[in-house]
Amino acid sequence: MATWQRIGVAVVWTLSLMVGGLVYQRVFVEQLLPLIDRSSRWANAVIWADRIAPLVLVMLALAIWAWVIAGAVQDERTVDRRRRVR
């Protein structure tokens with residue numbers, strides 16, 4: 001896959017993660033989280049979900065951009081290898 005195609009995929013994923021972050025903030029944090037009773041039996045799970053969700057979004061964004069960089073480096077190494085063989 002060409003580097004520009006990888007960048008296009010990464011931009012689409014980044015925009016999708018931005019929308020996911022907005023939905024998380026607007027729906028979960030602002031609307032649903034205040035409704036949770038902190039003394040209920042599910043409060044611990046909700047608190048952990050509130051902590052983990054932003055980390056998952058950031059890790060996905062970092063992973064997709066690392067994929068773009070790694071793919072570009074791999075392509076350049078392949079081109080260099082082909083040049084040396086000829």
Side-chain angles (χ1 to χ4, degrees):
M1 182 180 284
T3 301
W4 292 110
Q5 290 174 329
R6 273 192 203 89
I7 290 173
V9 169
V11 167
V12 169
W13 268 89
T14 302
L15 292 173
S16 301
L17 290 172
M18 288 170 58
V19 169
L22 284 171
V23 169
Y24 164 75
Q25 181 65 31
R26 298 285 176 135
V27 174
F28 184 73
V29 173
E30 292 179 5
Q31 301 296 324
L32 297 177
L33 197 59
L35 299 176
I36 301 298
D37 180 20
R38 299 285 178 170
S39 62
S40 70
R41 78 188 249 199
W42 297 106
N44 197 22
V46 172
I47 291 170
W48 274 102
D50 183 39
R51 291 178 184 165
I52 290 175
L55 293 175
V56 169
L57 292 173
V58 169
M59 287 174 56
L60 285 172
L62 290 175
I64 193 70
W65 284 103
W67 172 73
V68 169
I69 293 168
V73 169
Q74 185 178 9
D75 284 347
E76 287 299 318
R77 287 181 180 168
T78 303
V79 168
D80 288 342
R81 198 175 316 125
R82 286 182 190 156
R83 286 183 185 157
R84 278 188 244 140
V85 170
R86 291 181 184 176

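Within a 6.0 Å radius of CD in Glu30, more than 12 heavy atoms belonging to other residues, nucleotides or ligands are found. Atom CZ of Arg51 has more than 12 heavy atoms from other residues, nucleotides or ligands within 6.0 Å.
Atoms CG and CG, on Leu22 and Leu17 in that order, are 11.0 Å from each other to the nearest 0.5 Å. Put simply, OG1 on Thr14 and CH2 on Trp65 are 5.0 Å apart, with the number rounded to the nearest 0.5 Å. To the nearest 0.5 Å, atoms CG (Asp50) and OH (Tyr24) are separated by 3.5 Å.
Taking all atoms of both residues into account, the shortest heavy-atom contact from Ala61 to Ile64 is O-CG2, 3.1 Å. The two atoms that bring Asp37 and Ala43 nearest to each other are O-CB, 3.5 Å, heavy atoms only. Scanning both residues, Arg6 and Asp75, for their nearest heavy atoms gives NH1-OD2, 3.0 Å.
Side-chain heavy atoms closer than 4.5 Å link hydrophobic residues (I, L, V, M, F, W, Y) into clusters, and following such links, even through other members, never connects Ile7 to Ile69. Note on Trp67: it clusters hydrophobically with Leu15, by side-chain heavy-atom contacts below 4.5 Å among ILVMFWY residues. Side-chain heavy atoms closer than 4.5 Å link hydrophobic residues (I, L, V, M, F, W, Y) into clusters, and following such links, possibly through other members, connects Trp13 to Met18. Cluster annotation: Leu62 is not connected to Val68 through the hydrophobic network of ILVMFWY side chains, with a link wherever side-chain heavy atoms come within less than 4.5 Å. Two different hydrophobic clusters hold Leu33 and Leu57 under the rule that ILVMFWY side chains link at heavy-atom gaps under 4.5 Å.
Here the side chains of Arg26 and Gln31 are not in contact, with every heavy-atom distance at 4.5 Å or above. Side-chain contact between Arg38 and Val46: absent, with no pair of heavy atoms (C-beta onward) separated by less than 4.5 Å. With a 4.5 Å cut-off on side-chain heavy atoms, Gln5 and Val9 do not count as touching.
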